[in-house]
2 protein chains.
Amino acid sequence: MNTDALKYPGSRRIYVSGTIHPEIRVAMREVTLGESVFPDGSTEPNDPVRIYDCSGPWGDDSFTGSEEQGLPALRRPWISARADVVQESDGTLRADDLTAPPTQRSYALRGIITPEMEYVAIRENMGREAAFKAVYDRFPHDKTRPESAQWLLDELGTGMPRPSELEAQEGFSPASMANRANLSCQHPAGQYPGGRMPAFFTPEFVRDEIAAGRALIPANINHPEAEPMIIGRNFLCKINANIGNSAISSGIVEEVEKLRWAIHWGADTVMDLSTGADIHRTREWILRNSPVPIGTVPMYQALEKCSGRVEHLSWPIFRDTLIEQARQGVDYVTVHAALLHRFVPHAARRATGIVSRGGSIIAKWMMLHRQENFLYEHWDEICTILATYDVAVSIGDGLRPGSIADANDFAQLAELEVQGELTRRAWAAGVQVMNEGPGHVPLHLVPENMRKQLEWCHEAPFYTLGPLATDIAPGYDHITGALGGAIIALRGCAMLCYVTRKEHLGLPDKEDVREGVVTYKLAAHAADLAKGHPGAQLRDNALAKARFEFRWEDQFNLSLDPHRARQYHDITLPHASAKKAHFCSMCGPDFCAMKLTQEIREQEMNVRKS
Amino acid sequence: MNTDALKYPGSRRIYVSGTIHPEIRVAMREVTLGESVFPDGSTEPNDPVRIYDCSGPWGDDSFTGSEEQGLPALRRPWISARADVVQESDGTLRADDLTAPPTQRSYALRGIITPEMEYVAIRENMGREAAFKAVYDRFPHDKTRPESAQWLLDELGTGMPRPSELEAQEGFSPASMANRANLSCQHPAGQYPGGRMPAFFTPEFVRDEIAAGRALIPANINHPEAEPMIIGRNFLCKINANIGNSAISSGIVEEVEKLRWAIHWGADTVMDLSTGADIHRTREWILRNSPVPIGTVPMYQALEKCSGRVEHLSWPIFRDTLIEQARQGVDYVTVHAALLHRFVPHAARRATGIVSRGGSIIAKWMMLHRQENFLYEHWDEICTILATYDVAVSIGDGLRPGSIADANDFAQLAELEVQGELTRRAWAAGVQVMNEGPGHVPLHLVPENMRKQLEWCHEAPFYTLGPLATDIAPGYDHITGALGGAIIALRGCAMLCYVTRKEHLGLPDKEDVREGVVTYKLAAHAADLAKGHPGAQLRDNALAKARFEFRWEDQFNLSLDPHRARQYHDITLPHASAKKAHFCSMCGPDFCAMKLTQEIREQEMNVRKS
């Protein structure tokens, strides 16, 4: 694999240590910025910006491992230290005692702050504390009178004033304000149902959210390679990318490449939806090389074991498949247990019936056998298996609408209600839970989805596929999905499953995956800004400042896709000198709005001085 | 120009005649669909779908004109028949009497339903009446007892029931229901501020919206080539694409090609933002070949006349430029008259200052001359010029935020308030008005923009640039803009100015324009679905049905970009037989959710029969 394509320019890997657990080292990417040059020739440095990083050891230049070796078992010592698991002869770990299962939920309920919890607290803060301190130290106030900058310190604990409110403050100047905009301007947070976004993430806050069921850390004890990450409405909105071979597609090496590619661009979790041959071996390669949680739909493999004959499916086959995957290290599984027999006729009468693969498999099984869904019937046994390995469950929405016409219909909402019942029962077993959601939904019906899920599923995290805002844009469905995704995420949806531009049409290639991941990353980030995630706007501010000051390299390096930003710039102005030019190709040198404003600003300063 | 690239497969141009004005022929594109084949081998035809078409004569296969000749003067006879204009020696038309100016607003206030108004009423209905009738005629009810299908007729006047509500109806069968889904399923409309979406668009409704100032038909009497279109919150949301050469870019032929390309993909209006040489001649070519309204920012040309020296700008130079453009046929002009001298210091202190070109020009002029904005000072004279030719005004937002940090700040909102004052004064002169809006706005602050514009600008249509939901995605800003665009449009924003993926980085090429227009088209459509535009969901339903029935060609042909949909499909399954395959490349033949559902549906029908 061409590893140069997997590097971010102007960036370096850093690690931040824990306090409760000093041994943890939280990986982040730090973007180094150039200095600002003001019209009078003076300069000012710009603080580096720390960015949430999903790429794991693969994103660390000093990492020398290979795909054959797999990643280091980061969490192995943490798991061992808890002394609540037993090791089987093949090295697989399992719970020693299911009355106190080795799940993050169980620890949280018992008041234990695990290394995983502190890890995600530090990770979510994205170095904001350090950024604050840097500005505070540099800000022109009397260092012997800390109270003279008390208002700045206050920002740490509460909201942040806007530049316009700062004018009256001591030490204000356009130049220093411009620099401060890098950090301290953040809009008051928007409201969202069930929202309680903190000013800083503490390990205790993380524990409390997990204990309440509002968040989960998918972290199978047999996937110690994974770096902890958290899914919950009061954290950064996460995104999932799907990979997996199918009957007519790819091999194992390619799947691991897809994994590394997806996490490079920012996929927070990856689902392996393989349906073809070699499912087990493919998954082994993926797990051993994945620093992000891996999700699966075990039903796909169960069906492969029946050679695709739905009628031959059975609870024992499913159970054995689930155990196989849990022992292997799968971090979360989609289980379509909420699709009941009596809902099937409703779904069959829809405009586009059942479009979930897992949903249609179990629905067909029920129709053939005239029996209730065996996943529902055996739910408690499923939960016991999941608790044994700390596999989280993503309760599937087999009846998600496959078209605008079917959105929010009886079939969909009936299943959602059952998801709520199953959520409670999984929690009772100590299992971490999220709920899957639609699908195709017109924008004005999106809020109802979020409201009902929040209420009926007891505030468990929601994990939606899009939703796609219209049916008429095949070839652009990464965008139709990002529209619905952003809208549901700003209302608190915790994770978005990406949709590529090939959705409904074909299998995504590498460029489709890149475009899909970046598109969902920007939708999630737009929602984080709207929810007022305390670290979200810092990057926007730094990029906007770089843009305004014509620091082209910084603008590229701070963007979600630096390669594309640079490439698009260079198509029109390819020469290196253009990277320092105080204009861009859009208006040309004589007609630049940014440049005109800088002249106005300069003039304005002169007027004030005179 | 390769005209094959400008054809829609499976489509033909049709024309619908008027009733009040029988001579008008409203252009639409009609997509012919294949028949449904049910599992039992029976078949059923699918009604053609009529699609709003912006391409004008260029989209009519039988049109034989050339770019050298220009388009036919469609509206010339309508304008002449009103007998309220005089012709100058060079053929330019102008108002005869400004106490009753030849503007659509003035006609509307005088109770006159113009051909333009009836044209847009028919155009907005998108053939929905015909589609209804076709289904009514085919629906299995006793034709001698019309009352047996009264509920179906009722749909014409009111909302439409959902398939699940139709089960109890006479003559119901899954097959006919599936066919009816093509038409009759539409979700109850969402609420939006100032909304009054009708079940059908009548010429009187159009007149009333224009008279109230809630909508406008940009239609300069000197641009008779343009087909009438309407901009207002209670109609389809429109999109604008920008073209125009700049100092470092393209020539005239290329600009006309860009125009044709943009309207092919669905641009409802086009703004010519040329700043380089040959501005007048470029615009002449564009106007004579444009079936859509053309907008400009006259300040750009005025500045060219001063060789780019802002200090040399003056009211007489601007006035003469405005008259020149109005006489030439420009349909709407952006005028940055609401940016007052006292707002400039506020803007200079922002994170990213002034990012509007027009705004920065006039701001610099004010700073240099220490005088009030001459556009504001001469507003009434500007309005007189505009009324003389029925040029609509788009009151510019020179202080729109250029970053998330600056969103909804004092500078932006101060200008918006003045836009409201100028709106009233323009209306008093008989001028049609819209207001320009941001810019860069985090999603939770978007609604405030719409609310304040609605209130402060007296319900005049809002026309926004995006807004972009984050700053961190250069290279993907067509998507960040579509996110904010969809959210403000579903709240009633009447027109979205597109942003291409090259925004902030470089000049868009043809592929960027295509991607940008289609992206904004889908965002606008998503908003139309949410607002409950009565014709919006018909196309989604038809496409979803085609998808479910594996009518691949129909799915491609109904999509916003049939070429791309087909191309993406063919990358994975290139063979012609795959266009008839009852599966797609995503899951392969043995694992298809759609196919499984069709089996379930079939089984379900058998269960009912037995």
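Just so it is clear: chains get the letters A, B, ... in the order the sequence lines come, proteins before strands, and each one is counted from 1. Values reported hereafter were calculated over all heavy atoms of this structure, with side chains retained and with hydrogens, waters and symmetry mates removed.
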Turns out that what part of A:L490 lies under 4.5 Å from chain B's heavy atoms comes down to side chain
Turns out that what part of A:Y192 lies under 4.5 Å from chain B's heavy atoms comes down to neither
When the 4.5 angstrom heavy-atom criterion is applied to A:D477 and chain B, the contacting part is side chain
Max heavy-atom pairs within cutoff under 4.5 Å with chain B, candidates A:A347, A:G358, A:P474, A:A526, goes to A:P474
Bottom line for A:R501: the part with an atom under 4.5 Å from chain B's heavy atoms is both
Scored by heavy-atom pairs under 4.5 Å with chain A, the best of B:S360, B:G402, B:A527 is B:S360
Judged by modelled atom types alone, do A:D540 and B:T470 share a side-chain donor-acceptor pair under 3.5 Å? yes
When the 4.5 angstrom heavy-atom criterion is applied to B:A411 and chain A, the contacting part is neither
Most contact-rich option vs chain A, by heavy-atom pairs under 4.5 angstrom, among B:V518, B:V310, B:D570, B:L368, is B:V518
_Checking B:S403 against B:D471: is there a side-chain donor and acceptor pair closer than 3.5 Å?_
no
Max heavy-atom pairs within cutoff under 4.5 Å with chain A, candidates B:L443, B:L560, B:T352, goes to B:T352
query = Charged N to carboxylate O below 4.0 Å: is that the case for B:R564 and B:E515?
reply = yes
### Message
Taking atom CD as the centre, does A:Q567 end up with more than 12 heavy-atom neighbours from other residues, nucleotides or ligands that are less than 6.0 angstrom away?
### Response
yes
Bottom line for B:L468: the part with an atom under 4.5 Å from chain A's heavy atoms is neither
The interface call for A:A536 against chain B, heavy-atom contacts under 4.5 Å, is neither
Highest number of heavy-atom pairs under 4.5 Å with chain A among B:G475, B:A486, B:A469 belongs to B:G475
Closest non-hydrogen contact found for A:L273 with A:Y300 is O-CD1, 3.8 Å
Can you check whether B:R309's main-chain N or O pairs, donor with acceptor, with B:S307's side chain at less than 3.5 Å?
-> no
When every non-hydrogen atom of A:H504 is compared with those of B:W552, the smallest separation belongs to O-CZ3, 3.5 Å
Residue set satisfying ring-ring contact (aromatic ring centres under 6.0 Å, His included) with B:H444, at least two apart, ordered chain then number -> none
Note to self: Tell me whether B:R350 is salt-bridged to B:D409, with the criterion being a basic N under 4.0 Å from an acidic carboxylate O.
What the structure shows: yes
Turns out that what part of A:S559 lies under 4.5 Å from chain B's heavy atoms comes down to both
Closest non-hydrogen atoms of A:A407 and A:H440, given as atom of the first, atom of the second and distance, are CB-O, 3.4 Å
With chain A, the option among B:R547, B:H525, B:Q191, B:R566 that has the most non-hydrogen atom pairs under 4.5 Å is B:R547
Cut-off 4.5 Å, heavy atoms of chain B, and the answer for A:I354 is both
